[in-house]
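For the numbers below, each heavy atom of this structure counts, side chains included, while hydrogens, waters and symmetry mates do not.
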Amino acid sequence: MSGFVASSAPDSSNGIEANYNDTHRLFLQTMLSHRILTEDQAQDLYDKICQLTNIEREDYVEFISTINHEISDIDMTLRRARDERDGSAIIALVNTKEDEVAQIATTYTPSEITYFRQMLELAVMADDEKYAVGSMVALRLGQQMKPPISQKDTQTLIDRLAEDGWICLTPDGSSYTIDSRGVLELRDYLREQYGDVIRNCDFCKEIIMMGERCERQNCPVRIHRHCADAHFRDGQMQCPTCSSSWSRGNTFGLGLPL
C-alpha cells in the first residue's frame with residue numbers, strides 16, 4: 001500500500017491545529033495521481049499518511065468532507081459510490097463543471113474528446129440496455145472522425161481511455177462499457193444529455209448501467225445487483241413498484257460479471 005502514498009515530504013508549518021492540514025494535502029496529491037481508489041485503499045492511504053505526518057487520525061468521513069470543502073472552489077470533489085460490478089465501495093476525485101467531458105481536455109486532444117463523446121453516445125443508446133459498444137464498432141468509429149483517426153491510433157486511444165478508467169472491456173471481452181470512473185465523473189453530464197435513457201437504481205438512486213430489471217416490459221424498475229442482494233435478503237422477491245415476481249436472473253448491461 002505504500003505505493004499509494006505521495007512521496008513528497010510533508011510541510012508541517014500549519015500544524016495540527018489547522019483544519020486543513022498536511023494529511024489532507026498528501027491525500028489529495030495522491031488522488032490527483034490515481035483519480036479513483038477503493039475505500040479500503042483510501043482508508044489505508046489515510047492511515048499511512050497520518051503515520052508519516054504524525055498527525056492524529058480524525059473521522060474518515062469528516063476528513064473527506066474537509067477536503068471537499070477546500071477544493072469546491074476549483075470545481076473538484078471526492079465522490080463516494082459503489083462499483084456497479086461487485087458493489088465494492090470506491091472513491092474518485094472528479095470534476096464538477098457543467099460540461100465534464102471537456103475536463104479531460106488537459107490530457108486528450110479535441111479530436112480524441114469528440115471520439116470519446118461519440119463512443120459514450122453509442123454505449124448509452126445501445127439496444128436492450130446493453131450500455132456497451134462492440135470492440136470492432138469502437139475501432140471503426142475512428143475512421144468516421146473528421147479528420148479520420150487511423151485504426152492503429154484508434155486502438156491506442158481506446159487503450160488509453162481504458163487505462164485512465166473511463167471505459168473497460170466487458171467480461172466476455174466483446175465490447176467496451178463505461179467504467180466506474182466514467183460513471184462517477186460524468187454522472188451529471190450523462191443525466192443532462194441522456195435523461196430519457198439513463199436510469200437510476202430504485203434503491204440507491206445512483207446511475208445504473210448494469211444490474212437487474214423487472215420482468216414486466218413497461219415497468220421502469222432497475223436495481224444494482226449489490227442493492228438487490230441487500231433488498232431481497234429476506235426472501236420477498238417482488239418488484240418494489242409493480243409487485244411482480246422478481247427474477248434475479250433477469251439482468252441487463254454487458255458490463256455485469258458473468
Side-chain angles (χ1 to χ4, degrees), residues 1-108 113 163-166 178-192 200-201 203-208 224 226-227 230:
M1 191 59 211
S2 59
F4 285 104
V5 180
S7 58
S8 301
D11 175 11
S12 57
S13 58
N14 289 338
I16 193 171
E17 295 81 10
N19 191 35
Y20 186 81
N21 58 43
D22 293 325
T23 60
H24 305 93
R25 295 186 188 94
L26 283 174
F27 188 92
L28 181 58
Q29 182 180 343
T30 306
M31 288 302 301
L32 282 166
S33 298
H34 292 278
R35 305 299 295 200
I36 187 167
L37 297 174
T38 67
E39 287 277 20
D40 286 344
Q41 290 172 330
Q43 296 224 34
D44 192 18
L45 169 65
Y46 181 31
D47 288 339
K48 297 290 187 182
I49 289 175
C50 287
Q51 294 173 18
L52 179 67
T53 58
N54 292 318
I55 295 178
E56 184 178 354
R57 193 186 197 280
E58 64 176 299
D59 177 76
Y60 175 72
V61 175
E62 292 180 5
F63 174 75
I64 297 300
S65 179
T66 298
I67 296 176
N68 280 338
H69 178 76
E70 185 73 15
I71 63 178
S72 61
D73 289 343
I74 57 172
D75 301 310
M76 301 288 287
T77 192
L78 289 167
R79 187 169 289 167
R80 303 171 68 198
R82 291 193 175 274
D83 190 312
E84 289 192 273
R85 290 164 291 198
D86 59 14
S88 59
I90 54 177
I91 183 169
L93 179 65
V94 304
N95 291 286
T96 58
K97 286 186 177 180
E98 181 177 351
D99 187 0
E100 291 159 319
V101 172
Q103 302 317 307
I104 68 172
T106 54
T107 55
Y108 291 88
I113 293 172
E163 182 179 352
D164 289 346
W166 296 106
I178 305 172
D179 206 353
S180 298
R181 179 189 176 187
V183 174
L184 278 174
E185 187 142 5
L186 304 176
R187 183 184 68 184
D188 297 337
Y189 171 83
L190 291 169
R191 284 174 173 164
E192 180 182 347
N200 295 327
C201 172
F203 292 141
C204 71
K205 307 304 180 184
E206 291 292 341
I207 284 179
I208 181 168
H224 286 123
H226 58 272
C227 291

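Between I90 and R82, every side-chain heavy-atom pair lies at or beyond the 4.5 Å cut-off.
One N or O on the side chain of H224 and one on the backbone of I207 form a donor-acceptor pair closer than 3.5 Å. The closest donor-acceptor contact from the side chain of T30 to the backbone of L26 lies under 3.5 Å. With hydrogens and angles ignored, the 3.5 Å screen pairs a side-chain donor or acceptor of H24 with a backbone N or O of N21.
Between T38 and D40, the side chains place no donor N or O within less than 3.5 Å of an acceptor N or O (distance only, hydrogens not considered).
Atom-to-atom distance recorded for S72:OG and I67:CD1 is 12.5 Å, nearest 0.5 angstrom. Here the CD atom belonging to Q51 is positioned 13.0 Å from the OG1 atom belonging to T23, to the nearest 0.5 angstrom. Taking OH from Y20 and NE2 from H69, the interatomic distance works out to 11.0 Å, rounded to the nearest 0.5 Å. Note: I49 CD1 to L28 CG = 10.0 Å, rounded to the nearest 0.5 Å. Taking CG of L78 as the reference point, atom CG of N68 lies at 5.0 Å (rounded to 0.5 Å). Between D179 atom CG and D83 atom CG the span is 7.0 Å, to the nearest 0.5 Å.
Here E206 pairs with R187 in a salt bridge; the nearest charged N to carboxylate O distance falls below 4.0 Å.
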(Q) Checking R57 against Q43 for the side-chain contact (heavy atoms from CB on, under 4.5 Å) test, could you report, in this order, the C-alpha distance in whole Å, the side-chain angles of both residues, the deciding distance, and whether it holds? (A) CA-CA 11 Å; R57 193 186 197 280; Q43 296 224 34; 3.0 Å; yes
Q) Should R35 and R181 be marked as a side-chain contact (heavy atoms from CB on, under 4.5 Å) after you check the CA-CA gap, both sets of side-chain angles, and the distance that decides it? A) CA-CA 8 Å; R35 305 299 295 200; R181 179 189 176 187; 3.3 Å; yes
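Checking each of D188, I74, I71, T77 against T96 for a side-chain contact (heavy atoms from CB on, under 4.5 Å) leaves exactly one that passes, namely T77.
F27 and Y46 have perpendicular rings, their planes meeting at more than 60° on a 0 to 90° scale where under 30° would count as parallel.
Contact between C201 and I208 at its shortest, heavy atoms only, is N-CG2, 3.6 Å.
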